[in-house]
Asker: 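Would you mind keeping the following structure in view while I ask a few things?
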Number of protein chains: 4
Amino acid sequence: MTADPNVDADSAPRRGRPKEAGLAERRRRQIVESAYVVFAERGYEATGISDLAAHAGVGQGTVYRYFASKREILDHVFDFSVERLFEAVDPETLASTPTSLAELVETIQLAANRAFALIEREPEFLRLILVEASAIDQELKDRVLGLEQLAANFLVKSLRRGIKSGFVRSDVDPQVFAHMILMLILPGLLQELRGEGSPENRERYIGAVVHIMMRGLCAPMTVSV
Amino acid sequence: MTADPNVDADSAPRRGRPKEAGLAERRRRQIVESAYVVFAERGYEATGISDLAAHAGVGQGTVYRYFASKREILDHVFDFSVERLFEAVDPETLASTPTSLAELVETIQLAANRAFALIEREPEFLRLILVEASAIDQELKDRVLGLEQLAANFLVKSLRRGIKSGFVRSDVDPQVFAHMILMLILPGLLQELRGEGSPENRERYIGAVVHIMMRGLCAPMTVSV
Amino acid sequence: MTADPNVDADSAPRRGRPKEAGLAERRRRQIVESAYVVFAERGYEATGISDLAAHAGVGQGTVYRYFASKREILDHVFDFSVERLFEAVDPETLASTPTSLAELVETIQLAANRAFALIEREPEFLRLILVEASAIDQELKDRVLGLEQLAANFLVKSLRRGIKSGFVRSDVDPQVFAHMILMLILPGLLQELRGEGSPENRERYIGAVVHIMMRGLCAPMTVSV
Amino acid sequence: MTADPNVDADSAPRRGRPKEAGLAERRRRQIVESAYVVFAERGYEATGISDLAAHAGVGQGTVYRYFASKREILDHVFDFSVERLFEAVDPETLASTPTSLAELVETIQLAANRAFALIEREPEFLRLILVEASAIDQELKDRVLGLEQLAANFLVKSLRRGIKSGFVRSDVDPQVFAHMILMLILPGLLQELRGEGSPENRERYIGAVVHIMMRGLCAPMTVSV
DNA sequence: AATGAATGAGCTTTCATTCAT
DNA sequence: CATGAATGAAAGCTCATTCAT
């Protein structure tokens, strides 16, 4: 076995089919994306591995080459969804510290608009995150709630800064309000789930959220600016 | 619902075998109540008909004498849940037409407190309605959303009256605000789902909802009463 | 109608199909006996639950109503086999304390004959116990070996008594010889496995075993010849 | 391609690509040896081709280039095992025609010791031959039994010679006794399977076998005692 | 009317085998 | 030649539903 008669002078003994780097990652992606669609479409429980495989255009066995179980796929689908949400909202580009209530509201408005844009493009996204994932088990439910918590934490920081800067009332509880602000966008989400989503409606809702945040419900004379 | 032994419009006294009128209805009730408990406890998919039958103290076959399928039972469980929610909130006793923002807010607060009281007594209720039911199929999802719509309609009427009476700003869109007000209680619900629910927390949230509704977030000087 | 048609006066409220006592045990037996046959015929691994169910004349689901897993069925099949072996050999009727080597040998001969009679009737029995069971896992292998140990223990006692009585050489190690005596019947068993079993052959072998034991175990003075 | 790439008996100096004649055979050997190890370790059924290939350091596909099926590999593993047993026992060096019972017994003892030495070195060997192989199908079972037959034939010849020479009783049935002598070593094997094997135990057993054989086989006059 | 034994379709998962590279 | 990615048949097992009693 001195001079290997079999291959190449160069050090790497290239035997067999070359391993095509990145294939594994591509396949995983392909399967997760298919799962994202079919889970959203028919629900996690109602989707069989065979459906999933068929949609991905691979055999059932191939699915198990890349994922240990159906449940694990759901995990990755959730990650994938979160990833997409982050890409869509792109928090980096939001993080300018607001110096007035108007600015703060504007930032929130921007984030909401971006999220809605994603949902408009892919309505199943919402169902997957909000409805499917929550129903599987405690772990995934925790992850959904954790996502909301994450967003809330951003807002908490902004509100605290607002209070320190004086443009947010000091008797506002940042923790509490952060969550509530997030909830204010839920009616819009529900509309989407209902399939009644439309740009005009979205406008109305976002406008109302701004209103409520800036003014509450109190009548004009009471406020008197 | 007084002394009617026989149901139905005809009052002909059924001799021979009174057939234990209402027995069927009692059985259905018994099964639905059991299903309510076990579905909430273990989830719809994870619950087998045998679990359900065992909990109800009847045979599996008996379940199918009263319901055509597992899915149909869920329908009835949902109805039953809604029924309980209505009993708890008891909208009849809320419907006094408010004549001031404070009164309106107080009414909402009362309704919210009643709903929370139910959830505190039976936390699984929330899970069933919000999480389990939504994940089954479109029809049930629609029903969940319909429930929200129902509550919103109440609020819409109140807001319209408020606008007419002048204690609600006229630029408030009743439809939109109604939904949003409902959403404001969601953070509290999420806390319950997370198992972090506590009376103090609930107080904080409800207080904040009142605040936001009455004042918005604007700083005190801006408001100037 | 005074007597309630529904519930009856006697204490036991007999509702539904009567539970047919002993059915469960009968079904278990039926399935185990089928398994005994098909496992022996095709081997444990090669037998599917569907084969087993088909042979038993029941649905697959029914199998799982009575056994938790395929493996558990094998356990019971093993028990069943041991049970049959015991019935066939009927050790109770063997246990007369022998007072001479001839008597001891006769007893052993009788036991061997009975075992062979079973195997002749049901050759698959042997395969199941000796070959199939051993190959599944450590636990079953231990049980097979334990069975041999059990038989050996009987012999050890007899040999000890024989030594004390003087009709077995005192330099015989009871533990060791007990196992060996058992092994002496193995060539006969192997013949059966080979399908070459015949009464004449069995005679030859048992005769030879007697020969070897009489010569090997006899107390020194007795041998003389 | 002028140069036959395929090896074969012809000795024409293969220019260009000698094709590493015997490479195929080496590969086969490598795979079989790996299979020997992993089959013995985890069992035939429990071993996947991937395990096997990994242990052999080749791809799964390569395995199928050299063997048509998993089953065929087992065949070769069995051959390999027999081969090892023969190497260990080395019958050539045993075949000196014994001229006395003591010599015969000594020869058998030597063979047994060699076989035990192998088993002590590689306990899995026993499991493979005795337990795994037997359970697969009739063909392999036959081969296991054939192995015993082979050893028995050796003994038959020796016994016949012994009878002719007069140092073995003439009423000994060579066929029958040959098998029995082989069986006498089984308790020792079982101990190994049980994991209770130890040199002392082995001594005891072999001693007892010698004892029983000397007494059982010896010609009448010799015994006297 | 009530029962629970029986069923079988369908589930997730495994793995011997094939084949493009 | 060698490879390991891909495959799909088939496994064990579950459970909503049916039905004899």
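The structure presented is a predicted model; accordingly, all values stated were derived computationally and were not measured. Below, chains carry the letters A, B, ... as their sequence lines are ordered, and counting in each starts from 1. These values consider heavy atoms only, across backbone and side chains, with no hydrogens, waters or symmetry-generated copies.
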Asker: Round to a whole Å and report the spacing from CD of A/Glu45 to P of F/dT14.
Answerer: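 A/Glu45 atom CD is separated from F/dT14 atom P by 15 Å.
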
Asker: Closest-nucleotide mapping onto DNA chain F: is A/Gly57 or C/Gln60 further toward the 5' terminus? I mean the 5' end.
Answerer: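 By nearest-heavy-atom nucleotide position, the 5'-most residue is A/Gly57.
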
Asker: Under the rule for salt bridge (charged side-chain N to carboxylate O under 4.0 Å, His left out), what residues qualify as partners of A/Arg28, not counting sequence neighbours?
Answerer: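 By the salt bridge (charged side-chain N to carboxylate O under 4.0 Å, His left out) rule, A/Arg28 matches no residue at all.
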
Asker: How far does CG of B/Leu74 sit from CZ of B/Phe80, to the nearest 0.5 angstrom?
Answerer: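 If I round to the nearest 0.5 Å, the distance is 13.5 Å.
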
Asker: Taking only the side-chain nitrogens and oxygens of C/Arg27, find out if one of them lies under 4.0 Å from OP1 or OP2 of E/dA6.
Answerer: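 Answer is yes, contact under 4.0 Å.
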
Asker: Nearest-nucleotide wise, let me know which of D/Val58 and B/Thr47 is further upstream toward the 5' end of DNA chain F.
Answerer: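 Comparing both residues, the 5'-ward one is D/Val58.
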
Asker: Which ones in residues 61-70 of chain C lie close to DNA chain F, meaning a heavy atom under 4.0 Å from one of its atoms?
Answerer: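 Within residues 61-70 of chain C, the residues near DNA chain F are C/Gly61, C/Tyr64, C/Ser69, C/Lys70.
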
Asker: Scan D/Ile49 against the nucleic acid and name what it touches under 4.0 Å (heavy atoms): base, sugar-phosphate only, or nothing.
Answerer: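 Base, at least one base atom sits under 4.0 Å.
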
Asker: Can you find a heavy atom in the side chain of B/Glu33 that is under 4.5 Å from one in the side chain of B/His55?
Answerer: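 No, their side chains stay 4.5 Å or more apart.
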
Asker: Figure out the CD/P separation between A/Glu72 and E/dT12, and round it to whole Å.
Answerer: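 After rounding, the reported distance stands at 15 Å.
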
Asker: Dot-bracket for DNA chain E, please. Rules: Watson-Crick or G-U, both distances under 3.5 Å, ( ) within the strand, [ ] when a pair crosses earlier ones, | for another strand, . otherwise.
Answerer: .||||||||||||||||||||

Asker: Please answer whether the main-chain N or O of C/Ala56 pairs with a side-chain N or O of C/Gln30 as donor and acceptor at a distance below 3.5 Å.
Answerer: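 Checking the backbone N and O of C/Ala56 against the side chain of C/Gln30, a donor-acceptor pair under 3.5 Å is found.
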
Asker: Do A/Lys70 and A/Tyr44 meet the cation-pi criteria used here (NZ or CZ under 6.0 Å from the six-membered ring centre, within 45° of the axis)?
Answerer: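 Flagged: A/Lys70 positioned over aromatic ring of A/Tyr44.
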
Asker: Distance check, rounded to the nearest 0.5 Å: C/Thr62 atom OG1 versus C/Arg65 atom CZ?
Answerer: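 Interatomic distance, C/Thr62 OG1 to C/Arg65 CZ, rounded to 0.5 Å: 7.5 Å.
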
Asker: How far does CG of C/Leu128 sit from OH of C/Tyr36, to the nearest 0.5 angstrom?
Answerer: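 C/Leu128 atom CG to C/Tyr36 atom OH measures 6.5 Å (nearest 0.5 Å).
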
Asker: Donor-acceptor pair, A/Ser81 side chain versus A/Val77 backbone, under 3.5 Å?
Answerer: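 Pair found, side chain donor or acceptor close to backbone of A/Val77.
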
